[in-house]
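Fair warning: this is a prediction, and the values are worked out from it, not measured in the lab.
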Amino acid sequence: MAEEAGASVVRDGDWIEFGYDDEGDPKWSDQATAFYVAIAPFVRSGTVHVEGEDGARWSYTYAGGQVTQQGWNGWDGSVEPFGEPVDFPSQDRS
């Protein structure tokens, strides 16, 4: 699961916690995006912050069984999960 999430994954009782993987070298992918979209119905609330190798930063916020993306996804260039690529200058990737 950690590989698909692009993060460390730890079980805490009935909960699963995602965190930064400081021992590995996680890579973002279409599968990672799909994972974070697919878990939305099971997440009460929270935000996952992502920083790409190129410095791009985006996040996924969960509420009411839905996920919304904030920022520009440095992997696929979209501003929403699996959206169309959008061209932004590198200084606007935050």
Discussion item. Counting only heavy atoms from other residues, nucleotides and ligands, does the tally under 6.0 Å from CH2 of Trp75 exceed 12?
Written reply: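 No, the 6.0 Å shell around CH2 holds no more than 12 heavy atoms from other groups.
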Taking all heavy atoms of [X] and all of [Y], pick out the closest pair and write down the distance.
X: Trp58; Y: Gly71; value: CB-C, 4.0 Å
X: Val9; Y: Ala2; value: CG2-CA, 3.6 Å
X: Ala7; Y: Pro26; value: N-CB, 4.2 Å

Worksheet item: When the ring planes of Phe18 and Phe35 are compared, do they come out parallel, tilted or perpendicular, using 30° and 60° as the limits?
Response: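 Rings of Phe18 and Phe35: perpendicular, as their planes differ by over 60°.
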Note, [X] side chain near [Y] side chain (heavy atom, < 4.5 Å):
X: Trp15; Y: Arg44; value: yes
X: Thr33; Y: Trp28; value: yes
X: Tyr60; Y: Val43; value: no
X: Val67; Y: Thr61; value: no
X: Arg57; Y: Val50; value: no
X: Tyr62; Y: Val48; value: yes

Worksheet item: Will you find, in the side chains of Ser78 and Glu80, an N or O donor that is under 3.5 Å from an N or O acceptor?
Response: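 Short answer, no.
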Discussion item. Just by distance, no angles: are the side chains of Gln69 and Ser59 close enough, under 3.5 Å, to form a donor-acceptor pair?
Written reply: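 Distance-only check fails for Gln69 and Ser59.
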Practice prompt. Could you go through the side chain to side chain donor-acceptor pair (under 3.5 Å) check for Thr68 and Gln66 one step at a time?
Written response: CA-CA 7 Å; Thr68 56; Gln66 302 291 316; over 6 Å; no
Worksheet item: Is Lys27 salt-bridged to Glu3, going by a charged N under 4.0 Å from an acidic O?
Response: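 No, this pair does not count.
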Worksheet item: Hey, any chance Val79 and Val37 share a hydrophobic cluster, counting ILVMFWY side chains that come within less than 4.5 Å of each other, even indirectly?
Response: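 Val79 and Val37: separate clusters.
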Discussion item. For the OH atom of Tyr20 and the OG atom of Ser8, what is their distance to the nearest 0.5 Å?
Written reply: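 Atom-to-atom, Tyr20:OH and Ser8:OG are 10.0 Å apart.
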